[in-house]
Amino acid sequence: MEYTNGNNYKGSLNMSPNEILNDPFKNKGTAFTTAERQSLGLVGMLPPKVQSLSEQAEQVYAQYQSKSGMLEKRLFLMQIFNENRVLFYQVFSQHVAEFMPIVYDPTIATTVENYSKLYVQPQNAAFLSIDDPDAIQASLKNAAGDRNIRLVVVTDGEGILGIGDWGTQGVDIAVGKLMVYTAAAGIDPSQVLPVVLDVGTNNQELLHDPMYLGNQHPRIQGSQYYQFVNQFVKAVENLFPHVYLHFEDFGRNNAAAILNRYKSNNLVFNDDIQGTGIIVLAGILGALNISKQKLTDQRYLCFGAGTAGAGITQRIFEEMVNAGLSPKEAREHFYMVDKQGLLFDDTPNLTPEQKPFARSRTEFANAEDLTDLLSVVKAVHPTIMVGTSTQAGAFSEAVVKEMAAHTERPIIFPISNPTKLIEAHAADLIKWTNGKALIATGVPSNNVDYNGTTYEIGQANNALIYPGLGLGAIASTAKVLNDKMISAAAHSLGGIVDAAKPGAAVLPPVTKLYDFSETVAEAVAKSAVDQKLNQQPIESVVDAIRAAKWKPEY
């Protein structure tokens with residue numbers, strides 16, 4: 001006898017009634033019918049009333065509304081997630097825009113910081129310790145069980161959001177990311193696996209916290225670290241041969257090196273490097289659709305030249321090359337600013353990702369003075385300014401007005417998160433530019449009413465891009481994720497703007513996340529098939545995507 005929960009997941013019922021009720025992939029709670037309760041030995045273990053999925057969802061949402069704060073709401077939703085995956089995603093899908101900041105950023109930053117104190121269940125995650133590398137394969141098998149894993153999100157917890165090194169507590173990021181994959185793109189939750197690589201932590205608070213659940217020693221670095229990562233990648237490929245491997249929140253010294261090592265031969269993706277670059281590119285394309293300007297005419301200033309900032313810069317650079325500029329011509333359009341000011345080719349300790357965009361001091365008569373953002377803006381007159389600095393308020397009134405004085409429609413994206421770290425707020429940017437700025441923020445922003453116009457503020461949230469990107473790659477059975485597929489994703493999203501509407505957003509709203517994730521997925525899958533990267537025959541991209549999507553039901 002078999003019991004089916006959802007479209008794709010089947011499991012043998014050689015399980016006790018308690019095991020069924022405690023398995024979130026099999027539990028239906030009060031929706032078990034009378035016949036099911038009798039056949040499964042559940043009679044008397046549930047209240048008598050049999051509810052439908054819609055009735056359960058209505059009840060859960062009412063309970064959710066009774067919770068007072070964002071953290072309390074997230075903890076409640078996690079309780080539902082741990083008990084019943086179908087019910088959780090049914091409710092999530094009905095309230096995507098409302099739940100996103102609760103389930104993921106910014107609320108998840110609080111749960112990461114307090115993970116050890118709040119720990120209740122592991123959420124089917126795999127915890128891999130560098131102190132026991134021989135256990136990698138067994139640990140992955142134990143966490144996956146008999147599930148067909150197609151998507152893994154892995155972090156080493158070093159560069160969590162804008163809050164830094166949180167060690168094994170960063171696993172919550174992987175869990176939250178996978179929730180968005182399912183809610184936004186219909187990835188089957190029984191086919192996903194969150195993973196944390198615990199290589200230690202340099203967070204002194206955690207190293208001295210007796211409640212911390214991770215390895216309490218400094219981070220292991222160098223060859224031992226990379227060998228551990230390689231053992232993990234090989235184990236994943238061995239156990240789950242058709243997996244899409246998503247790297248999340250690795251530190252700036254390791255993220256690009258890991259991506260570059262595997263991206264040519266494995267189906268891998270780094271959200272901080274590639275995902276953020278795609279969503280910013282999509283937002284810029286949307287802004288240029290509104291301003292009727294060309295990408296190749298823009299001067300791009302990156303403020304915050306870490307993993308995300310450098311990744312975004314590389315993505316925009318590649319798009320300028322695709323638009324017809326030579327690499328040398330394209331690099332002339334870019335300026336990278338970090339804590340020491342404008343990056344020059346003789347700046348000490350440049351990363352490999354920063355070096356191609358570092359400028360020569362001979363370009364500027366006042367090169368020695370370009371040590372702060374305002375001075376750089378005065379010197380280069382950027383038309384696009386993207387903030388990934390996590391320096392709250394860095395896009396000051398003086399900086400923004402100086403930028404706006406030299407370009408008709410300044411494109412300004414303060415995308416650092418959480419909210420407390422944002423470079424500027426949308427209402428201020430609209431006011432300081434007299435409504436001229438084209439804005440996207442990294443966290444949700446309310447509409448801004450100014451001089452009779454309502455300005456809709458796009459959210460440069462990677463959730464707008466990575467779920468559809470992953471679905472397209474998985475559905476097309478792609479061998480790798482390459483630049484052409486990534487560019488196709490950005491263009492598909494950047495085209496969903498109402499350019500004729502006053503105050504229109506540069507990106508589509510999160511409320512339509514499910515719909516345009518499918519648009520992105522189709523563009524990515526079509527690119528893969530056109531390049532003959534699919535490992536299995538694909539007659540119809542649309543049909544392949546629809547077949548790959550999970551629909552929560554009992």
Side-chain angles (χ1 to χ4, degrees), residues 93 95-98 100-101 183-185 275-298 312 315-316 319 323 383-386 404 407-415 424-469 472 487-524 526 542:
S93 67
H95 308 280
V96 170
E98 181 180 358
M100 279 291 290
T276 309
I278 301 168
I279 193 62
V280 171
L281 173 58
I284 290 172
L285 294 173
L288 295 175
N289 282 338
I290 294 171
S291 69
K292 309 303 181 186
Q293 296 175 342
K294 294 169 58 179
L295 178 64
T296 51
D297 291 335
Q298 307 305 305
I312 297 167
R315 178 75 261 152
I316 310 304
E319 196 64 25
T383 60
I384 301 172
M385 187 165 62
V386 176
T407 181
E408 180 60 27
R409 299 302 304 270
I411 298 172
I412 307 176
F413 290 4
I415 63 171
H425 294 282
D428 290 330
L429 295 175
I430 294 293
K431 177 183 176 182
W432 295 337
T433 63
N434 197 29
K436 295 193 302 179
L438 295 161
I439 301 165
T441 54
V443 295
S445 293
N446 294 329
N447 291 346
V448 177
D449 294 320
Y450 181 80
N451 283 351
T453 299
T454 297
Y455 293 86
E456 299 174 2
I457 309 301
Q459 185 184 359
N461 186 328
N462 293 17
L464 299 178
I465 200 75
Y466 71 78
L469 191 75
S487 180
H491 279 272
S492 70
L493 191 62
I496 310 176
V497 297
D498 185 357
K501 180 182 177 182
V506 301
L507 287 164
V510 174
T511 52
K512 297 182 179 179
L513 184 58
Y514 193 86
D515 295 333
F516 59 69
S517 287
E518 189 165 303
T519 300
V520 171
E522 289 179 9
V524 171
K526 183 178 184 304
V542 173

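The first residue in the sequence is number 1, and the count goes up from there.
The minimum heavy-atom distance between Ala426 and Thr441, with the atom names listed, is CB-CG2, 4.4 Å. When all heavy atoms of Ala505 and Gly458 are compared, the pair lying nearest together is CB-N, 3.9 Å. Between Pro101 and Ala97, the shortest heavy-atom contact is CD-O, 3.3 Å. The shortest non-hydrogen separation linking Ala504 to Asp498 is CB-O, 3.1 Å. Nearest heavy atom pair, residue Phe413 against residue Leu438, reads CE1-O, 3.8 Å. Nearest heavy-atom pair, Pro508 versus Leu464, reported as atom, atom and distance to 0.1 Å: O-CD1, 4.0 Å.
Sorted by first and then second residue, the salt bridge (charged side-chain N to carboxylate O under 4.0 Å, His left out) pairs involving residues 439-463 (not counting sequence neighbours) are Glu456-Lys501.
Atom OG1 of Thr276 and atom OH of Tyr466 lie 10.5 Å apart (nearest 0.5 Å). To the nearest 0.5 angstrom, Trp432 atom CH2 is 9.5 Å from Ile412 atom CD1. For the atom pair CD1 (Ile465) and CG (Leu493), the distance works out to 4.5 Å, reported to the nearest 0.5 Å. If you take OH on Tyr450 and CD1 on Ile430, they are separated by 9.0 Å, rounding to the nearest 0.5 Å. A distance of 12.0 Å separates OG of Ser492 from NZ of Lys526, quoted to the nearest 0.5 Å.
The shortest distance between side-chain heavy atoms of Ile316 and Leu295 falls below 4.5 Å. Side chains of Ser487 and Glu319 form a contact here, defined as non-hydrogen atoms less than 4.5 Å apart. Contact of the Ile411 side chain with the Val386 side chain is not registered, since no non-hydrogen atoms from C-beta on lie closer than 4.5 Å. Side-chain contact between Thr383 and Gln293: absent, with no pair of heavy atoms (C-beta onward) separated by less than 4.5 Å.
Put simply, the side chain of Ser517 never gets that close to the backbone of Tyr514: no donor and acceptor are under 3.5 Å apart.
Checking Leu507, Asn446, Ile439 one by one against Ile457, the side chain to side chain contact (heavy atoms under 4.5 Å, CB included) holds for a single residue, Ile439. Of the candidates Val280, Ile415, Ile279, Ile279 is the only one forming a side chain to side chain contact (heavy atoms under 4.5 Å, CB included) with Asn462.
Partners of Thr453 according to the side-chain hydrogen bond (donor to acceptor under 3.5 Å, both in side chains) rule, which considers only residues two or more places apart in sequence or in another chain, do not exist here.
Heavy atoms from other residues, nucleotides or ligands lying under 6.0 Å from NZ of Lys436 number more than 12.
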